[in-house]
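Protein chains get the first letters and strands the later ones, always in sequence-line order, with residue 1 at the start of each.
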Number of protein chains: 2
Amino acid sequence: MLSPLRFEPAYAQPALPVAAASVIRYAAGEEIFAEGDRADHVYELVEGTVRTGRLLRDGRRQIDAFHFAGEAFGFEAGDLRRTTAEAVGEVTVRIVRRRALSDLAARDGEVARKLYHLTISGLQRSQDHVLMLGRRSACERVAGLLLLLADRTGEAAFDLPMSRQDMADYLGLTIETVSRTLTGFLQEGLIALPTVRHVELLDREALEALCE
Amino acid sequence: MLSPLRFEPAYAQPALPVAAASVIRYAAGEEIFAEGDRADHVYELVEGTVRTGRLLRDGRRQIDAFHFAGEAFGFEAGDLRRTTAEAVGEVTVRIVRRRALSDLAARDGEVARKLYHLTISGLQRSQDHVLMLGRRSACERVAGLLLLLADRTGEAAFDLPMSRQDMADYLGLTIETVSRTLTGFLQEGLIALPTVRHVELLDREALEALCE
DNA sequence: CGAAGGTTTGACCAACCTCAATGCTGGTGG
DNA sequence: CCACCAGCATTGAGGTTGGTCAAACCTTCG
């Protein structure tokens, strides 16, 4: 459904074409940056999964995107962060100074072109997300997320990197609805759930049909 | 709530810095481009309002964004359109060859920087939209749209350029819910609705409070 | 004046949410 | 090694929001 946001395949050389960069590890759940922070760096995800999203005052949370190994994240239009990024499980990132990258882009048109392409792909992913949240049922949303995760690895069986709460906050649902929908799929034979964090797609056709 | 997506204030010179461009008018409801078309041009909206969005096979529609005078639209990552653009009322646009613009961006770093900034602003608008659709109630969504439209002109009283159906398809609601929500606001004294296409915000505070 | 298209309103319904209880799993310490 | 605990996940019952279907109500336009 959604194509991954990356310059190159994940196994290729670093996505962000800047040499001077430090590598940092974050523990599960740790905050990488928060809404309101100065946006002085951009990130390339070496290993693990990152969620970016926003929090309303009353505690409602919306996850904008999950980012996977090989993808870049943390781009902002202004000086301040509008979203929060957190590690989903253990995470390794390369950190690049935003200034260094924009200087490089100013000198090297090819870098600028890639950066442009990167953000426009992010925009298209966000538009897919809008369609999902605006016009799809709970079943369709959950099926969409499972297919998104499957396409990432190319395998029909895969580990879920995130909790039910993360899935719910990405899909605009509650944790209970996600859970009920998954057991529904299970009972219909569309998926297997050998453990709570491992999924196998048994009937990909049917899941795809749910996404139109 | 959402800052307009534009290079310059609407009254300034053309947003897209390319001279060779034709100007075209579209009648109300007319299609400017459609999902699946080749994406050979980008557009600058001279006058009127444009909606961009997607259609599911079963007829469900989701509007991604409304574009207003001074804004640019029609950027794509790939060769083909993923969204459809239609005139909301009478519309005048400048059309620029995508190729001409990318050539210019390759030569002129400042142009490239502006294009980048333009798309990243679009991404942030889309993320606001995601938050709206994922975690806000019907009241909050309608209030958000009214404030968005008010901020565009800077006036508390303004014409609604779009139909109830367009509002519903942007907000992920039905036309009936939009209508009921507006009459709710009316009865609470939050807005006046002298005609079906004209709104006055009487209690901006209260509407903003609904948006957190 | 009549027709057409958009809008509003009403009654009813379904999907999803809320709240609460129960179940599972993985880690820790006796 | 096992018992216990904490934290997620699942399940259930019942409530709410927003959707559906249908009718009435403008406006605008011929």
Side-chain angles (χ1 to χ4, degrees), chain A residues 27-29 51 56 58-63 86 88-90 132-146 159-188 191-199 210, chain B residues 27-29 51 56 58-63 86 88-90 132-146 159-188 191-199 210:
Chain A
R51 59 176 184 250
L56 297 183
D58 61 9
R60 286 178 287 179
R61 186 176 72 147
Q62 178 64 48
I63 291 178
E86 289 159 329
V88 177
E90 293 274 297
M132 188 152 179
L133 297 176
R135 289 297 178 212
R136 307 194 107 113
S137 68
C139 283
E140 294 169 326
R141 296 185 205 185
V142 173
L145 178 56
L146 293 180
D159 288 327
L160 287 171
M162 72 288 287
S163 67
R164 296 292 186 270
Q165 186 66 61
D166 286 336
M167 296 175 69
D169 287 344
Y170 177 78
L171 297 173
L173 300 171
T174 60
I175 190 175
E176 294 94 333
T177 298
V178 171
S179 182
R180 276 187 255 267
T181 305
L182 286 173
T183 63
F185 287 169
L186 188 61
Q187 284 164 4
E188 295 168 50
I191 61 171
L193 266 178
T195 78
V196 85
R197 285 292 188 108
H198 191 84
V199 185
L210 278 176
Chain B
R51 58 176 184 251
L56 297 184
D58 61 10
R60 286 179 288 179
R61 186 176 72 147
Q62 178 63 49
I63 291 179
E86 290 159 331
V88 177
E90 293 274 298
M132 189 152 180
L133 297 178
R135 289 297 178 211
R136 307 194 107 114
S137 68
C139 283
E140 294 170 326
R141 296 186 205 184
V142 174
L145 177 57
L146 292 179
D159 288 327
L160 287 171
M162 73 287 288
S163 68
R164 295 290 186 271
Q165 187 66 62
D166 286 337
M167 297 175 71
D169 287 343
Y170 177 77
L171 298 173
L173 300 170
T174 60
I175 189 175
E176 293 95 333
T177 298
V178 171
S179 182
R180 276 187 256 266
T181 305
L182 286 174
T183 63
F185 288 169
L186 189 62
Q187 284 164 2
E188 294 167 50
I191 62 171
L193 265 177
T195 79
V196 86
R197 285 292 188 109
H198 191 83
V199 184
L210 278 176

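Checked by atom type and distance alone, the side chain of A/Arg141 never pairs as donor or acceptor with a backbone atom of A/Leu173 at under 3.5 Å.
At a threshold of 4.0 angstrom between heavy atoms, the contacts of B/Gly184 with the nucleic acid are absent. Residue contacts for A/Thr195: at a heavy-atom cut-off of 4.0 Å it reaches no nucleic acid atom on any strand shown. When heavy atoms are screened at a 4.0 angstrom cut-off, A/Leu182 is found touching no nucleic acid atom at all.
Nucleotide D/dG19 holds its P atom 10 Å from the CG atom of B/Leu171, rounded to whole Å. Separating the CG atom of B/Asp169 from the P atom of C/dG6 is a distance of 13 Å, rounded to the nearest angstrom. Rounding to whole angstrom units, CG of residue B/Leu160 and P of C/dG6 are separated by 16 Å. Summarising the geometry, the separation between CZ on A/Arg60 and C1' on D/dT17 is reported as 13 Å, rounded to the nearest angstrom. In this entry the distance linking CE of B/Met167 with C1' of D/dG18 reads 16 Å, nearest Å. Between B/Leu193 atom CG and C/dT8 atom P the separation is 7 Å, expressed in whole Å. If you take CG of B/Leu186 and P of C/dT7, they are 16 Å apart, rounded to a whole angstrom. In this structure, CD of A/Gln165 is placed 13 Å from C1' of C/dC17, rounded to the nearest angstrom.
Residues A/Thr177 and A/Val196 both approach DNA chain C. Their nearest nucleotides, taken by heavy-atom distance, put A/Thr177 toward the 5′ side. If B/Met162 and B/Arg180 are placed on DNA chain C by their nearest nucleotide, the residue sitting closer to the 5' end is B/Met162. When each of A/Arg135 and A/Ser179 is assigned the nucleotide of DNA chain D bearing its nearest heavy atom, the one mapping closer to the 5' terminus is A/Ser179. For the pair A/Ser163 and B/Glu176, both in contact range of DNA chain D, the more 5′-proximal nearest nucleotide belongs to A/Ser163.
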Practice problem: Could you give me the CA-CA distance, side-chain angles and deciding distance for B/Arg197 and B/Asp159, then say whether salt bridge (charged side-chain N to carboxylate O under 4.0 Å, His left out) is met? | Solution: CA-CA 6 Å; B/Arg197 285 292 188 109; B/Asp159 288 327; over 6 Å; no
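Judged by distance alone with a 3.5 Å cut-off, no donor-acceptor contact links the side chain of B/Arg136 to the base of D/dT17.
The nucleotide whose nearest atom lies closest to any side-chain atom of A/Ile175 is, among D/dA9, C/dC17, C/dC19, D/dA9. Distances from the side chain of B/Thr183 to the nucleotides C/dT9, C/dC16, C/dT7 place C/dT9 closest.
For A/Arg135 and B/Asp169, the salt-bridge test passes: some basic side-chain N is under 4.0 Å from an acidic carboxylate O.
Using a 4.0 Å cut-off, some side-chain N or O of A/Thr174 falls inside it from OP1 or OP2 of C/dC17.
To the nearest 0.5 Å, atom CD of residue A/Glu140 and atom CG of residue B/Leu56 are 7.5 Å apart.
A pairwise comparison of heavy atoms in A/Met132 and A/Leu145 identifies CE-N, 3.8 Å as the closest pair.
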